[in-house]
Each structure stands twice: as structure tokens, then as C-alpha cells.
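These notes concern the structure reproduced below.
Letters A, B, ... are given to chains in the order of the sequence lines, protein chains preceding strands, and every chain is numbered from 1.
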Protein chains: 2
Amino acid sequence: MADKVTIADVARVAGVSRQTVSNALNTPEVVRPETRQRVLEVVEELGYRVNFAARQMRTGRSKLIAIRIDPAGDGVNGSVFDRFLHGLTESAAGAGYRLLLYTAADDQKEIAAFQDLLGAYEPDGFVLTSTHHKDARTSWLLERGLPFVTFGRPWSEPADVHPWVDVDGSAGTEAATEHLLAAGHRRIAFIGWPSGSGVGDDRREGWRRALAGAGLDPAGLSRETPDGIADGEAAARDLLTADPDITALVCASDSLALGALHVARSPNPAWHAEAYRRIAVTGFDDTPVAKAIGLTSVHQPLTDAAARCMDLLGRALDGTPPGNLLLPPSLVVRQSA
Amino acid sequence: MADKVTIADVARVAGVSRQTVSNALNTPEVVRPETRQRVLEVVEELGYRVNFAARQMRTGRSKLIAIRIDPAGDGVNGSVFDRFLHGLTESAAGAGYRLLLYTAADDQKEIAAFQDLLGAYEPDGFVLTSTHHKDARTSWLLERGLPFVTFGRPWSEPADVHPWVDVDGSAGTEAATEHLLAAGHRRIAFIGWPSGSGVGDDRREGWRRALAGAGLDPAGLSRETPDGIADGEAAARDLLTADPDITALVCASDSLALGALHVARSPNPAWHAEAYRRIAVTGFDDTPVAKAIGLTSVHQPLTDAAARCMDLLGRALDGTPPGNLLLPPSLVVRQSA
DNA sequence: ATGAAAGCGCTAACAA
DNA sequence: TTGTTAGCGCTTTCAT
């Protein structure tokens, strides 16, 4: 094991005081260039590295950012968070931070986790995901003036209450719907989640907007269901049975789309009247599943989103007024539509 | 922001010395029960939490475990690590540890990351994944006596050089092959990775063993290819064209299986001679994609594996002689076979 | 069973 | 520009 090299060792070898070493590393401009050079050489030579625990005791900064990791859910959508997490790990490292993981079952448990973490590891900031209406977590952090960013906009509050990065979901479903319109589809239905969820309502809105733009009426063309493959299948069957003119299904997630696609690709389903209808389907999130089965899907720029989250959190940590950012998604067109 | 409560505050309110508070928390048996009770009440009342940085300075233990997070790869197999990571986060929390994330592009970079981390955050231990032949990382950690576990066995060294947990891949492919044999298949091919990778060779071996057990000859029934959907498709096409009697394909991954399935489900493919052959396909890892498309696949008990990793690492941290553990996978049978 | 003293490695404040 | 002092909060001696 490499023996622990302290700032005192460097100081002794370099023939300067401990403080000069600290300055050479943290406030270079205050040290004479040649002294600084000498110190850095010794640092290199001895393989010195600052001890964060000791630094933390003085400065109160841990260089740690905490983020919650969740169970994989149905496994289809988990990959979105995972890609975000990977991107964030790299962005954070670039800014001199490391990610600290925790789990929590709900908002209240997560707030309890905040307290545990703040008391123990003292993370400098938090990155929250899955924001929702009346998010208790953000209010809690806000009340205490703790630095954080959310990946996901605030759904019940003004846009500037806290820094956030999000991907424009309605622009995504709008693009998907417009793609279908351009392909000649005229009766395009939407399968989404029960209204009340910010993300879900936003995605529905994009579809509605695109239809309105083409002078089409959305009435009767929308279904609300929990997220899941079987749910998507049921909703698709229901829609296609109820309305024989539907030729395309825009879905709020790849899970739903996967179920819908199953119906759409059935050779001779119950809802099939006389003529064969080729049903186009689009999903959301561009998960590996979409890629695997040729599902057209809305892609979120997750690596970029993670980088911008880190930017904004960095500003919050510096006290610089942060902001927020709505990133555009992109449509990945595959065989399904 | 909740003001920082220190051990001195607790001591003052409880009317004891700082040391007694520390003892009440860390060495309860040395404190009179009533004193201890009083201290714990005050701890609760003030919301005191030990400051890990300060503790770390004295004890040298950070209560941090470092683990590398990788890019998602082709996205199909990334989910295996993600489920493991989630399980590990929970197991670690249960043992009083948190996970610290880092990234590294290769073994050497990862060793550099070890050095950075050890100098800065001083993690108490490491969890390594993706072990391989001549793994430079394990040797490096071993040389320095640093605590770690691997998820994945040592492929070039004796089983007891370091603690590890792994899932028995050969048992998995063997089970898949036996399932196919039981279903009446007699010519069962294998699509795997180029030999030389421990995991890949192990998975191939299970298939071979099952064939041998049934008195069947594996000659000409195996293909080696990089991991990927297109690769699996090409290999499947090649096998089925070369040998019209093949009726089942055992694959080393869900990615390969996905490609193979594409060929198997083609209505009237080039390799199809006269009679229609229904080709059975099995994958490995039971990823969300497998579930989504009805692919029979070998499931790894990842939550359990994570928990056992934490157990073994905990022992390594205590100095208790650890061990290793080979967990059995299970076959999840779906429509594809 | 409890208390006092010391010091982990670092950097903010001040002195030289 | 460089050096000295002090102390962050905790726990490991050692003394009481």
C-alpha cells in the first residue's frame, strides 16, 4: 500500500511551508512561479494527493454529489435513467465531483435520506430525477437553501424556482405525430398515462398540438392507461376496435408502444375488419428495446442533459445565479412508422 | 439549513463529556445503561448525526465503496449491470456504506482511478465487475492489500486468490440446452463470442456439456462472433444455411439471440429449403428485451449476487477470511423456445 | 464508568 | 510572497 503522503511531506521535501504547498495547489496565482513549479514537481514525485476528508473539515465541501438510484421498473424505461447516470458520472468527474448513490422508496423517505446524507457525508449538492406535481423534495431543499438541480422541470411551480434541465416531451410527440401526418396518416391516436402526471400530460399535449396544426380533431382518439406492455396492448386493441379508421398510434413510452406494436403486427387480429390495415406505431425514449425491434421512437439527449445538469449544479455551488434548460428531443425513425 | 449539531452539543445538553457520547454510540457496552439512554435521547432530540469526514480522519474509514459505471454498450446488456448496481446500493446501505461511482476506459485507467480515489475519498473497498483473464486490476489491489470483491470469478488465477461472487454461466446454457433437448430438439447450435473470454468460453462449455450428456456431437454447430444484434443475425443465417437439420439456437447473450430470433422468425428466409423449420432460440441475461419479445433466456440472480458481494466485502473489511460463491442461474421459458 | 488531552490532514486568517 | 497559528469534529490513548 502506498504510504500516505501528506502536505507536510511535500513541504519538507520542497523546502517550503505546508501553507505554501496548499497555496501552490489551490491558489496558484499567489505563489511565485518558480516556487510553484518546485512544489508541483515534488507533488508529482511523491504522488501526493489531497485528502478530501481533511479538506472537507476545513472547507465544508465534500466534492460529493448525491443521486438516487431506483429499481429498474419494468426494465424497459430504466435504461433512460441509466444513460443519464452514466453521463452524469463523467460530467461530474470533469468538474471534480463524484457521485454518491442512495435509494429511497418515496418522497418522504428521500427527504429522510437527505438528512442522513447531509449529516454524514455532507454532499455538496443533489441531482433529483422524476420531478412531479407538488414535489416535496424540492420544497424541502429549497427551504434549506441546499444546492440542487433537477432533471425534469418543476411541474407545479414557476420555472425559475430552482435550476433544472428537461427534455421537451411535447416537442417529441409533436414531431412523431407530424412524421405520421407527413406519411399520409390522418387518424392518429394517442396512448398515454392518466392525466395528472406532468410528463404524461406534456407528451399528450404534443400530439394534440400536431393534430390541431393539421386541422384534425383529437376527440375519441386518446386512451389513458398505466405504463406497461400489457397496458399498451389493451389500449391499442381498444382504440383499433372502436375506430376502424385509425392507422397510427403515438405512444407516451416504449413500453406502451411495444404492446401496441404487438397488436399492430398481429397478422389477423380481432379488430381487423375487411381490408388489412397497416398500423404505424411510435414510442418514446428510444430504449434499447426500440432499437432492437425497429420501433420508431423519440430520443432524449441524455448525455447532454447530464452535462447541463452538472453545469447548472456547478453554478448553484458557486453561488452564480443558475437557470434552466429545455432540450429538444429527436425522432428516430425505424420500420414501425 | 439545519445547523450543524456536533458531539459537543449533545454532550453539553446531556450533561456528560464528549467522549461519553462517542462511547454511547460506538461502544455502548462500556457506558452505564441509564447514561446511554440519556445520551441517545439527546441525540434524537437534537437530530445529531456523526460527521463522517471527522470520523474518517481519526479512523481512516470512509464508509464508501467505489464501483465503476460503464457506458451502456449496445444497451441490451447494460441492464444486467444496472440491476446489480441497484441491488448493491441497497445492500451497501444496509451495511452502513454508500456507493461512490467512477468511470474508466480500460484496466490501466481504472488503476489510475484507484489511485485517485484512494488518495482523495479513501474508499474502504472496491467492487469490480467484468473480470477477465490476466486482470491487472485485481493484481494491483491484491499487491496493496486493498479490500475488494469481484462480481465475476478470477479467470486466470486459483479460485481463492480473492473474494468473488459469480453466476454459473455454463449451468445456464446447459439448462437452456437441456430444455431444448427435452422439447425434442436434436441438432442444437451455439452462437457465442470468440474464445478467450472467460465468460464466453464458460457459456459455450455448458452447451457442449449438455450435448455430450445426450450423446450428441457438437462438431460444426458453433459460431464465434462479436456481441451484437447484427452479429447474431449473421451467425444464425450462416448456421441455418450450412446445416438444414438445425432446429434450435442457444445464444451467449440476448443481443445475439435477438438477431438469431429475427432470422428464426423470418417467414420464408433464404436458408429455408423445402419444409418450414420452426427454429427455437434461447438467450442469456433475461434482459428487458427478452421479456418484451418473448425470448427464452437465462436469468441471473443479480440482487442476490449484489447482496453476497456486500457480505464478502464486509468480511474483507473486517479482516475475516472471505470466500467465494457461485450462484445458479435459472431458465425463464418464453415463446421463443 | 467517565473525563481530559492529543491529533488525524487540511486551509482560512493572520503575521512576518 | 511565504510562514505560523489555529481548529474543523471525531475517536484513540491515557488518566481519573
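- In this structure, A/Met57 atom CE and C/dT11 atom P are separated by 13 Å, rounded to whole Å.
- In this structure, B/Arg36 atom CZ and C/dT2 atom P are separated by 12 Å, rounded to whole Å.
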Report task. Tell me, with the steps shown, if B/Asp107 and B/His132 meet side chain to side chain donor-acceptor pair (under 3.5 Å). Result -> CA-CA 10 Å; B/Asp107 275 20; B/His132 45 259; 2.8 Å; yes
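- Using the six-membered ring where Trp is involved, A/Phe126 and A/Tyr102 have ring planes that are perpendicular, over 60° apart on the 30 and 60° scheme.
- A donor-acceptor contact under 3.5 angstrom links the side chains of B/Ser156 and B/His133, judged on distance only.
- Taking side-chain N and O atoms only, B/Ser17 has no distance below 4.0 Å to OP1 or OP2 of C/dT2.
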Report summary line: Contact string for nucleotides 11-16 of chain D, one letter per nucleotide 5' to 3', B = base within protein heavy-atom range under 4.0 Å, S = sugar-phosphate only, - = neither, reads BB----
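- Taking the ring axis of B/Phe52 as reference, the NZ or CZ atom of B/Lys63 does not stay both within 45° of it and closer than 6.0 Å to the ring centre.
- To the nearest angstrom, P of D/dG9 lies 21 Å from NZ of B/Lys63.
- Inter-residue side-chain proximity for A/Phe114 and A/Trp140 is flagged as met; some heavy-atom pair is nearer than 4.5 Å.
- Here C/dG3 presents its C1' atom at 17 Å from CZ of B/Arg12, a figure rounded to the nearest Å.
- The shortest non-hydrogen separation linking B/Leu117 to B/Ala66 is CD1-CB, 4.0 Å.
- At the phosphate of D/dG9, neither OP1 nor OP2 sits under 4.0 Å from any side-chain N or O atom of B/Thr6.
- Side-chain nitrogen and oxygen atoms of A/Thr35 include none within less than 4.0 Å of the OP1 or OP2 phosphate oxygen of D/dT1.
- Distances were taken from every side-chain heavy atom of B/Thr20 (C-beta onward) to each of D/dG3, C/dG3, C/dG9; the shortest belongs to C/dG3.
- In the helix from C/dA1-D/dT16 to C/dA16-D/dT1, the rotation axis of the first five pairs and that of the last five pairs differ in direction by 40°, rounded to 10 degrees.
- No salt bridge links B/Glu157 with B/Lys134; every basic N to acidic carboxylate O contact stays at or beyond 4.0 Å.
- The line from CD1 of B/Ile67 to CZ of B/Phe151 is 10.0 Å long, rounded to the nearest 0.5 Å.
- For B/Arg49 and D/dC10, the CZ to C1' distance is 17 Å, given to the nearest whole Å.
- A side-chain N or O of B/Ser22 and one of B/Asn26 form a donor-acceptor pair less than 3.5 Å apart.
- In terms of position along DNA chain D, the nucleotide closest to A/Pro33 lies nearer the 5' end than the nucleotide closest to the other residue of the pair B/Ala53 and A/Pro33.
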